[in-house]
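Fair warning: this is a prediction, and the values are worked out from it, not measured in the lab. Hydrogens, waters and symmetry mates are skipped; everything else that's a heavy atom, side chains included, is used.
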Amino acid sequence: EVQLVESGGGLVQAGGSLRLSCAASGFFFDDYAIGWFRQAPGKEREKVTCIRVSDSSTYYVDSVKGRFTLSSDNAKNTVYLQMNSLKPEDTAVYYCALLYTPLGSCGDYDVHDFRSWGQGTQVTVSS
């Protein structure tokens, strides 16, 4: 069974940092991508960033460029999302999900293309 587990959320003041982890297990694809999404109350789920593990290519939504950094440890099937200079508008539940055998950039795929969603982790940024 494919399983993704997020960890690392919490409460932080504006300007602070958090690191989220997404540990994936139960699959055996050589080429896949992991995406991070967030959903604030009353808003649609938004793709924040993703990484294609075969070539470490990444995508970032404009609102987090220069503040968030995605990396992967392929040996551990774990992806890390380093979030710096956090803003109150970053407050949301953050989810990771799997994209099987992507063709091209993972940034070309939308939320509906991702599978095996984790349970989510809350990130709250106070002003």
Side-chain angles (χ1 to χ4, degrees):
E1 178 186 2
V2 178
Q3 189 174 21
L4 274 66
V5 179
E6 304 99 336
S7 61
L11 172 64
V12 65
Q13 289 187 331
S17 299
L18 283 173
R19 190 176 85 153
L20 306 183
S21 299
C22 174
S25 62
F27 64 96
F28 304 96
F29 297 99
D30 291 333
D31 191 10
Y32 61 94
I34 296 287
W36 279 98
F37 303 77
R38 64 187 179 188
Q39 188 165 20
K43 294 188 176 181
E44 293 187 353
R45 191 166 297 189
E46 172 191 32
K47 186 171 70 178
V48 177
T49 178
C50 60
I51 184 167
R52 184 176 178 179
V53 296
S54 62
D55 60 9
S56 297
S57 59
T58 54
Y59 159 87
Y60 297 92
V61 70
D62 286 346
S63 60
V64 308
K65 285 181 179 177
R67 300 189 298 122
F68 290 13
T69 303
L70 197 56
S71 61
S72 67
D73 183 336
N74 294 352
K76 296 182 179 180
N77 281 351
T78 299
V79 168
Y80 303 98
L81 177 59
Q82 179 66 43
M83 306 186 296
N84 299 328
S85 302
L86 283 161
K87 304 175 181 180
E89 51 263 43
D90 294 318
T91 295
V93 177
Y94 283 70
Y95 301 88
C96 63
L98 188 63
L99 179 66
Y100 296 93
T101 57
L103 300 176
S105 170
C106 59
D108 294 335
Y109 294 84
D110 67 23
V111 62
H112 303 292
D113 297 313
F114 286 76
R115 301 287 183 265
S116 305
W117 292 81
Q119 81 287 353
T121 185
Q122 177 70 47
V123 171
T124 303
V125 184
S126 62
S127 58

**OP:** List the steps and the verdict of side chain to side chain contact (heavy atoms under 4.5 Å, CB included) for Tyr95 and Val111.
**Re:** CA-CA 11 Å; Tyr95 301 88; Val111 62; over 6 Å; no
**OP:** Report the C-alpha distance between Tyr32 and Asn77 in whole Å, list the side-chain angles of each, state the deciding distance to 0.1 Å, and finish with yes or no for side chain to side chain contact (heavy atoms under 4.5 Å, CB included).
**Re:** CA-CA 10 Å; Tyr32 61 94; Asn77 281 351; 3.2 Å; yes
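Residues meeting the side-chain contact (heavy atoms from CB on, under 4.5 Å) test with Thr124, sequence neighbours left out: Leu11, Thr91, Gln122. For the ring pair (Phe, Tyr, Trp, His ring centres under 6.0 Å) test, residues two or more places apart in sequence or in another chain that qualify with Phe114 are Phe37. Gln3 meets the side-chain hydrogen bond (donor to acceptor under 3.5 Å, both in side chains) test with no other residue; sequence neighbours excluded. Residues that satisfy the side-chain hydrogen bond (donor to acceptor under 3.5 Å, both in side chains) test with Ser57, not counting sequence neighbours, are Asp55.
Considering every non-hydrogen atom in both Asp31 and Ser54, the closest pair reads OD1-OG, 2.9 Å. Heavy atoms only, all atoms of each residue included: Ala92 and Ala40 are closest at CB-N, 3.8 Å. Looking at every heavy atom in both residues, Ser72 comes nearest to Val79 through CB-CG2, 4.0 Å. Across all non-hydrogen atoms, the minimal contact from Leu98 to Ser116 is CB-CB, 4.4 Å.
For the 3.5 Å distance criterion, the side chains of Ser17 and Asn84 qualify, holding a donor opposite an acceptor.
Residues Lys47 and Asp110 are not paired through a salt bridge, judged by the lack of any N-O separation under 4.0 Å between the basic side chain and the carboxylate.
Clustering ILVMFWY residues whenever any of their side-chain heavy atoms sit less than 4.5 angstrom apart, transitively, puts Val12 in the very cluster that holds Tyr94. A continuous path of Ile, Leu, Val, Met, Phe, Trp and Tyr side chains, each step under 4.5 Å between heavy atoms, connects Ile34 with Tyr100, placing both in one hydrophobic cluster. At a threshold of 4.5 Å between side-chain heavy atoms, the hydrophobic network of Ile, Leu, Val, Met, Phe, Trp and Tyr places Tyr59 and Leu99 in two separate groups. With hydrophobic clusters built from ILVMFWY side chains whose heavy atoms lie under 4.5 angstrom apart, Trp117 shares a cluster with Tyr109.
Within the 4.5 Å cutoff, the side chain of Thr49 has no heavy atoms near those of the Val61 side chain. Tyr80 has its side chain within reach of Thr78: a pair of non-hydrogen atoms, C-beta onward, lies under 4.5 Å apart. Under the 4.5 Å side-chain criterion, counting only non-hydrogen atoms from C-beta, Trp36 is not in contact with Val64. Between Leu20 and Glu6, every side-chain heavy-atom pair lies at or beyond the 4.5 Å cut-off.
A distance of 8.5 Å separates CD in Gln39 from CD in Glu44, rounded to the nearest 0.5 Å.
Identified under the salt bridge (charged side-chain N to carboxylate O under 4.0 Å, His left out) test for residues 70-96, with sequence neighbours left out: Arg38-Asp90, Arg67-Asp90. Here disulfide (SG to SG under 2.5 Å) pairs that include residues 88-127, with residues two or more places apart or in two chains, are Cys22-Cys96, Cys50-Cys106.
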